[in-house]
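First the structure, in the form of structure tokens, and then the observations on it.
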Amino acid sequence: MPPNLGELTAAVPELDAPQEVRLLSMERPLTVLRVSLHHPTPGSATFAYVPPQLEHDASPLLVGRGPDAHLRLQLPRLSRQHLSLEPYLEKGGTRLAFSLKALSRKGSVWVNGLTLRFLEQVTLGAVNRVAFSGVQMVVRIEGGTSLEAFVCCFHLSPSPLIYRLRAEETDERESVPQEQPPPGAGHGAPDHLGFLHSPLQPSPGGVPEIPLQREPLDGSLS
């Protein structure tokens, strides 16, 4: 008989373990969302409630400062429910896909160059760059075959994750900056990540590689 989702915690490796997540107690592996987080405020108070790993069923995962948020962040500008990561099954698909939906009436969410207002949403790709309320977040999706649940593995980065003209959140009180392509960028087909600046060497396709596994971790994560 397959185990309950609550029994999967022990099967997920710690952050210092090999990056491949093996869930030996399940017949089908979970989709893994590797989420890196950065905030310019020194210390880790913003991320005090961020766990190393979080398993979630195939319902929206809420991000905000409210007690009902699955990913709870301590920021006064953040709405109680600021955004959600929403798994879904595409028509004819066999693996979970994800979209990001803005839930804040007073703020907004910047996703891969797009600014989302209240109830707007966008489909996520394999690597996604998100900014809101001063938080920078990179979400990398590694697809599994289970349709019942997914797991998030969180990393805290002391260094900025997104390099653009204004890295802070753009909301209704701020103008959205016009992104410029980095010098020497490829001239192939446009890509929704291609305009982003990165201190790393870009890959042949024009999209910078971000080795999330190599980012320094904050030892105070709990």
Side-chain angles (χ1 to χ4, degrees), residues 1-15 17-37 50-64 69-71 81-103 109-114 116 119-130 132 137-155 161 188-196 202-215:
M1 178 179 296
N4 295 327
L5 292 180
E7 298 173 355
L8 299 179
T9 303
V12 179
E14 298 297 331
L15 290 179
Q19 292 300 315
E20 181 182 1
V21 175
R22 298 182 179 88
L23 300 176
L24 301 179
S25 59
M26 292 194 65
E27 294 181 359
R28 296 192 295 176
L30 298 182
T31 294
V32 178
L33 272 58
R34 301 199 182 277
V35 181
S36 290
L37 297 162
V50 178
Q53 295 96 20
L54 174 64
E55 303 92 23
H56 194 68
D57 59 21
S59 63
L61 186 148
L62 300 176
V63 179
H70 303 107
L71 176 58
Q81 294 185 1
H82 203 90
L83 62 92
S84 62
L85 297 173
E86 309 212 351
Y88 65 96
L89 183 64
E90 295 179 319
K91 184 177 181 180
T94 58
R95 298 191 176 195
L96 288 178
F98 291 83
S99 65
L100 188 149
K101 186 175 184 179
L103 300 177
V109 185
W110 183 93
V111 185
N112 296 333
L114 301 175
L116 304 184
L119 296 184
E120 293 180 335
Q121 65 185 82
V122 64
T123 299
L124 298 181
V127 181
N128 309 274
R129 294 156 176 83
V130 183
F132 57 95
M137 181 169 73
V138 173
V139 181
R140 184 167 186 163
I141 301 174
E142 300 176 1
T145 56
S146 174
L147 302 180
E148 289 74 32
F150 63 95
V151 59
C152 293
C153 297
F154 296 103
H155 300 241
L161 300 169
D191 187 279
H192 69 291
L193 299 179
F195 57 81
L196 290 165
S203 63
V207 182
E209 295 287 344
I210 296 189
L212 299 187
Q213 298 86 349
R214 299 180 182 177
E215 291 170 2

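- Within the 4.5 Å cutoff, side-chain heavy atoms of Val63 are placed close to those of Phe132.
- Interatomic distance, CD of Glu142 versus CZ of Arg95, reported as 11.0 Å (0.5 Å rounding).
- To the nearest 0.5 Å, atoms CE (Met137) and NE2 (His155) are separated by 13.5 Å.
- Residues passing the side chain to side chain donor-acceptor pair (under 3.5 Å) test with Ser59, sequence neighbours excluded: His56, Asp57.
- When all heavy atoms of Leu96 and Ala149 are compared, the closest pair comes out as CD1-O, 3.8 Å.
- Of all heavy-atom pairs between Leu103 and Gln81, the closest is CB-O, 3.3 Å.
- Taking Thr31 as the reference, nothing meets the side chain to side chain donor-acceptor pair (under 3.5 Å) condition, with sequence neighbours excluded.
- Looking only at side-chain heavy atoms (C-beta outward), Val111 and Leu83 stay at 4.5 Å or farther from each other.
- Interatomic distance, CZ of Phe98 versus CG of Leu33, reported as 4.5 Å (0.5 Å rounding).
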| request: Would you sort out whether Val130 and Val109 count as a side chain to side chain contact (heavy atoms under 4.5 Å, CB included), showing the intermediate values? | output: CA-CA 7 Å; Val130 183; Val109 185; 3.6 Å; yes
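- Note that CG of Leu100 and CG of Asn128 are 8.0 Å apart. Values are rounded to the nearest 0.5 Å.
- In this structure, Glu120 has no side chain to side chain donor-acceptor pair (under 3.5 Å) partners at least two apart in sequence or on a different chain.
- Minimum interatomic distance between Phe154 and Pro51 (heavy atoms only, all atoms of both residues): CD1-O, 3.1 Å.
- If you take CD on Glu55 and NE2 on His70, they are separated by 12.5 Å, rounding to the nearest 0.5 Å.
- Going from atom CG of Leu71 over to atom CG of Leu61 covers 6.5 Å, rounded to the nearest 0.5 Å.
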| Check against side chain to side chain contact (heavy atoms under 4.5 Å, CB included), Leu85 and Leu124 | CA-CA 9 Å; Leu85 297 173; Leu124 298 181; 4.0 Å; yes
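- Checked against side chain to side chain contact (heavy atoms under 4.5 Å, CB included), Leu89 has the following partners two or more places apart in sequence or in another chain: Leu147.
- Shown here for Val32 and Cys153, the closest heavy-atom pair between the two residues is CG1-SG, 4.1 Å.
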